[in-house]
Amino acid sequence: MTIKSFVLASVLTVAPVAISAQTVPSLMQQIDSVMELKSNITAKVELTQQRVNQGTRVIEMMYRRRDTDDAFMIVMTGPEVEKGNGYLKMGDNFWMYRKNTRTFQHINRDESIGGTDASAEDFEQKKLVELYKPAKDTPDAIKKETLGKIPAYKFEIRAKANNVKYPKKIYWVRQDNGLPLKEEAYSLSGTLMATHYYLSYASVDNHYIVNRALFIDEFEKGNKTVMSLSDVSLRLIDNSVFTKAYLENLSK
Amino acid sequence: MKTIIRLSLRNLIRQKQKNLLLGAAIAFGTLTLITATSFVNGITDTLFNRVIVYMTGHIEIHLSENGSQYYSIHRDTDRMKALIRQNVTGIKQIQENVSVFARGIGNGKSDNLILIGLPPDISQFLTQFKVIEGNAKDFSNPAIENPMIISEPKAKHLRLKTNDLLRIRLRTINGQQQTAVMRVVAIVKSTNMFLDATSYGRLSDIKTIMGYRPYETGNLQVILNDPMTAPAQADHLHNALDSPPAWISGTMDGATVWVGGFKRDPATFAQLRQAVRVVSGTATLSKKTVLVSRPFADAHNIRVGSALPLTYAARLESATGNLTLIVTGIYEPIVQDIGTNIILAHEELILSDYYRLLPKLPTPLPKLGALANLLVPEWTLLDRTHTSEEFKKKNQELGRLKLKNGVLDVRTMVETASTIVTFDAALRIITYSAVTLLFIIILIGIVNSLRMNIRERTREIGTMRAIGMHQRQILSLFILESFFLALFASIAGLIAALLFMGGLSLIPITSQTPLNIFLVDHHLFFLAQWGTILINLSFIVIITVIASYFPARNAAYLECADALRHSEG
């Protein structure tokens, strides 16, 4: 789990609010508002990926994202073999750039990104409330639990449609401000596939941004990824950045 | 004639030493020709009937949706199979290719797998694989859940034995994460290195795990009696696979209506605006656009903003679908011949419902007139390509188009397995060139020996003429001698070739090189086809007879006195 993990985590930028209405839809809406980035974000990302029998691999990248026109760019900065490669998404178009051949290639939404388990569709902007619904309508749909020492609400959601990657998810969100703390993702047959821990948030320009997260592969025990964010900026990104020319020039 | 035949056979025995030498040369030529052709036939058979058949079939019909090139989904499998049977001749088999890349976790080890669905009858499969552990019959045992046959190298890597469980993770055709547990019922050794990485489950199990419904399948692959006819057959099939619009036809307010999706590209939408005039509301390329004809709107009191609840029947299951559309505009046809009960909606508004519950094909079809090419079809038929380069370009272009509806492609092994096909053709050319060169050298030796033989027997010819034999009888005698010599020698060559090939194919080749792809069960494979052998033998006999004709004719037409006077000195 590499790029996808980062995408999931880095979008958790929020000006936290107190949770008053404790219903599953309201908690889902809170997560959506957390994930909806109304400005721009630039950050350095480091992913430390540990795989069974393969040791540890560190992946570094520069990430820029603008949700207003559904654009983002990833430029790989490490390891050396990946340096200069990149991905650019503008609306419906998704390109992969290879530094060695200096070529752009259209990629499909179900193609793997950078040899990871993430695919282009993971990068599509989707709202939790549009994809999922509460697993239960009963009052016990939300449980109060303590995660570490933090009081949290726990709730389960199920996919509305059959094209959602994880048909079932369980979330733990902080009771005081609605920030997600933990997430479990399940397969169609109900097997726990992944657990995500959002370990710490940083405050940038009155927004909270998750700057450290742990992603555990529950299917293949021993695989895990730690994501760290640094040099975060919410400044406006120039239009010229989200272009092929910009990505090409970076690797010259 | 009987006398001539007897004489020619007697002469063969009489000239024992010379004929044995000449016969040995012919037999060697036969051996070379038969061995070489059988070797090339063996490679072709291995590539086309053991490798390509498992990869792509000779013709492959690929139908994908929503821009995915990863999975093929034929929603109405029986309809497509019927179309194939109607338009392709010489079909040996139509096979459903359902396969998926999966991550498997065995006993403390994990690895990637190619998991392939097999039909209930695996007898054909077992001709390619040897069961080395377990019982292949358990594969068909309904009491065993998700039985699996796994190749020996993969089982070894995952530390699996029979009855062990393998946990797998994969992505369904809809993109969902899925897991399953497979039970190893047999470990097999493949006859070909190419198949070493594969694992097999029951087709029905794999389809269920991957999210296919019973009437759906993956790629349809056609195996032909003659693989070389694949491009022409694919062209013919392609011409018959145009799709009508993806109609959702049902009832609305008691009336039959046809909902068609207009294509979302601006050029086609501009053509639509020339075919119909919006008299109320708006018609834009927005994903929410729904246009109703004025006569229908007037008859059913429909206005802009009205909700249209449509009920329709599923084509392949006993279910009913419901679709509610909100009218954004009312149109009037500018051109004639367009039915009144046609509702035009943005393609993305109807396609997910269309594929979720494939609607019944409407009968009768509505009048479409100028709208015929402006509505999104159930599938867009891609142009045929005949080389791998064209095929690659087509797929790149497809990525740019980002079609939301089904995309149907008819491909053959020539495009999808072009490397193998080209390699086979190159190997054939090299082999036949070498054999031809060798055979020409042998042939020159044969012709020369025949000439010498006949020349040495010139006085004998004079004697035969002197005792009353006609010129034509002498010509027939010599030609028959050559004929029998070639026949017996080539039969001997055939027997030698069969023994030689049998011997070579007994030698095990254990080294691991890419060329192992041509081996069958680690041995060389010769395919001796009787038709080809008969042609080879006839070729050798005819060439020998032709080679002997000219010196025999010269000898036969000598004057009797000149022949008797002939002296070798």
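In what follows, chains are A, B, ... by sequence order, proteins preceding strands, each numbered from 1.
- One distance of note links CE of A:M193 with CZ of B:R169; it measures 5.0 Å at 0.5 Å rounding.
- Here the CD1 atom belonging to B:I105 is positioned 4.5 Å from the CZ atom belonging to A:F219, to the nearest 0.5 angstrom.
- If you take CG on A:N53 and NZ on B:K109, they are separated by 5.0 Å, rounding to the nearest 0.5 Å.
- By the neighbour-count criterion of 12 heavy atoms within 6.0 Å, atom NZ of A:K160 is densely surrounded, having more than that number from other residues, nucleotides or ligands.
- No more than 12 heavy-atom neighbours from other residues, nucleotides or ligands sit within 6.0 angstrom of CG on A:D137.
- Contacts of B:I168 with chain A are made by backbone atoms alone, with heavy-atom separations under 4.5 Å and no side-chain atom involved.
- Both the backbone and the side chain of A:N93 come within less than 4.5 Å of a heavy atom of chain B.
- Distance CD/B:Q177 to OG/A:S189: 10.0 Å, rounded to 0.5 Å.
- By the 4.5 Å heavy-atom criterion applied to side chains, A:V164 and B:Q176 are not counted as neighbours.
- For B:K392, the NZ atom counts as loosely surrounded, since its 6.0 Å shell holds 12 or fewer non-hydrogen atoms of other residues, nucleotides or ligands.
- With values rounded to the nearest 0.5 angstrom, B:S110 atom OG is found 13.5 Å from A:K221 atom NZ.
- Heavy-atom distances place both the backbone and the side chain of B:R103 under 4.5 Å from chain A.
- Pairing each heavy atom of B:T172 with each of A:L188, the nearest pair is CG2-CD2, 4.1 Å.
- Atom CG of A:N162 is separated from atom CG of B:N174 by 4.0 Å, given to the nearest 0.5 angstrom.
- Open room surrounds CD on B:E145; 12 or fewer heavy atoms of other groups in view lie less than 6.0 Å from it.
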